[in-house]
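One structure is given below, encoded as structure tokens.
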2 protein chains.
Amino acid sequence: VRSVQVNLGDRSYPIHVKSGLMKQAASILSDQNRGQKWIIVSQYNLMEFFGFDLIAQLKDADFDIDFVTLPVGEVAKSMNEFSRVISQMIELNCDRQTTILALGGGVVGDVAGFVASSIMRGIEYYQIPTTLLAMVDSSIGGKTGINIAEGKNLVGSIYQPKGVLIDPDILESLPKKEIISGLGEVIKYGAIWDRNFLNEISSWLENIDSFPFEEAIAKSCEIKAEVVSRDEREGDLRRILNFGHTIGHALESHLGYGKIRHGEAVALGMKCAGFISQKLELLQTEDLLLLSDTIDRLPMPEIPHINGNHLMSFIKTDKKTEKGILNFVVLEELGKATTSTLVTEELIQESLKVLN
Amino acid sequence: VRSVQVNLGDRSYPIHVKSGLMKQAASILSDQNRGQKWIIVSQYNLMEFFGFDLIAQLKDADFDIDFVTLPVGEVAKSMNEFSRVISQMIELNCDRQTTILALGGGVVGDVAGFVASSIMRGIEYYQIPTTLLAMVDSSIGGKTGINIAEGKNLVGSIYQPKGVLIDPDILESLPKKEIISGLGEVIKYGAIWDRNFLNEISSWLENIDSFPFEEAIAKSCEIKAEVVSRDEREGDLRRILNFGHTIGHALESHLGYGKIRHGEAVALGMKCAGFISQKLELLQTEDLLLLSDTIDRLPMPEIPHINGNHLMSFIKTDKKTEKGILNFVVLEELGKATTSTLVTEELIQESLKVLN
């Protein structure tokens, strides 16, 4: 098992990455089993794929375990579903000793994490991510959240899990497109933190069928863990994880959710942010080419023409805008990101041409 | 200004206690004013008593300040009110830099604190308690919470404020009964932590009209701050703050909310818990007498006959019961509390005789 530590004092925790790890869940978790109630928070289809096997395995090892399901999609990230999961857990006799296993992608992790942080003022939870995106990003760092009518993730907490269990074998059951989408975030880690890693990803992408997921996930987790350990509550450093996300999020909103995957939108956002970094005379042209070339190795959906003004309207209401000033993540060089307040609307609009 | 520090590493904060402090709020808070939006969360009657003056004072000092009100009573501690306050804050253009001032008693502090911990994954807040109970207890230690159908405080967080501002002059506008109720908690601090303080309280209560509130509040805050600093998340030590609360909470439920005040119920619960401590041969008889005598100096409401079996049913469902075992707070001596798992149902029932 490759283990990466997130270092946050008494809130530190390990990320375990290994093919076949799901089958060893009971032995990994057994020293945390003090006879308390365990609850899997998941989705019904994921319960059928992995969850019922996990329950059988844990029951064999004397865990007192039950499960609660969320609906599929963003609709699960609501105040209603949050309340319902809590009520259901109380009915299942959960108490302060109860431990949650969040089995799913980003949506499940966000809701289950907020439930864990809020029920009886906080209980322990583990993340068991089932998508590449969740494995390399949302399961690490303790961000939890739900949406309200006024916007996404406006309610939530920073609440660290007790551990993250990542089994890359789970990816084999996913549609290829889902996996490729997650590779956008993997490329991001190379771009913002580790030039050599970006070079490796680039050559791995020459033959995507033999892509070494375990290695790429472990390296991505290492980088995210390092950033989160140094900056838990999104001061300046943690912001660099948003590289490609300002334009990426706006693309998601502009095209409408479901039209483009998050990882795909981030990949396109990174192309624009790379262009902007070069225009600001931070990033060398040859480095921009390596970044763009790597991103272009991902199969991408056809996207329609982008209306720059409409796109900008989403960027202006972005949470990352503070007192009207946009903190835009740029690259100083490949493997080194920073934030800039010099990115103008004109420059963003100009950068969109790299998308078509 | 008497200042007491709650020591929790990077979550440390000061408690300021001083008569007339409300008039100096702007100067105390001004070095935290970075041009962000400030929001007072309160109740409309409290806004009329103190809030609008506070707004005028802060506006004079260039604070960008608005307010949101909660309904009076436990009804404010609901998922609905929690959501509504958050939505209203977003409409008022609050962002991650916004600072909340929780102006009110325990209910306001609990809801405003949970809003602060949840909106945009956590913003800063200050507690400005307006009841004696909130001044010496709920405003310190970061416990926040709302109620759901399944029970009280089942949803919430441990989220420390940036500071607590206590102005004992505020008590002058309260009905005497409200103040006396809060003295139950003050007596508790002497009983569990500081025998000399209990002796002082006992003599102060000989003439309640000249009770030195500033001194008693500051000393109570010191003790609570010490306990919370050593045990933020209610391990064994913080539990001693529940002295008198197991039977106290059950009395509140048994008699029905509104029939007895929280502080009064705790005072009666302490008499029972003192009796139990003596029966367990922990507390000396003379110490029990000093404790009971001090409590008896508080004017108490007449309470009807207690049905011991009915009362026990509430104790059995208490959150402090874990896997069926009751952790009961007892006194080893005056000024020293601990928890015991040896307190039987029979002993609790026997102790109720001290109430009549």
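Every chain is numbered from 1, with letters handed out A, B, ... down the list of sequences.
- Of all the listed residues (S87(B), G9(B), G122(B)), the one sharing the greatest number of non-hydrogen pairs under 4.5 Å with chain A is S87(B).
- Of the inter-residue distances, the one linking N80(A) atom CG with M79(B) atom CE reads 9.0 Å to the nearest 0.5 angstrom.
- Heavy-atom distances place both the backbone and the side chain of S83(A) under 4.5 Å from chain B.
- Heavy-atom pairs under 4.5 Å with chain B were tallied for I146(A), I86(A), T144(A), I148(A); the largest tally goes to T144(A).
- Both the backbone and the side chain of I119(A) have a heavy atom closer than 4.5 Å to some heavy atom of chain B.
- M120(A) pairs with exactly one of V155(B), L154(B), N153(B) by the side-chain contact (heavy atoms from CB on, under 4.5 Å) rule, that one being L154(B).
- Between R121(A) and E234(B) there is no salt bridge, since no side-chain nitrogen of the basic residue lies less than 4.0 Å from a carboxylate oxygen of the acidic one.
- The structure places SG of C94(B) at 11.5 Å from CD of E150(A), a figure rounded to the nearest 0.5 Å.
- At most 12 non-hydrogen atoms from other residues, nucleotides or ligands lie less than 6.0 angstrom from CG of D62(B).
- K37(A) does not touch chain B: none of its heavy atoms, backbone or side chain, sits under 4.5 Å away.
- Residue contact with chain B, scored on non-hydrogen atoms closer than 4.5 Å, involves the backbone and the side chain of I158(A) alike.
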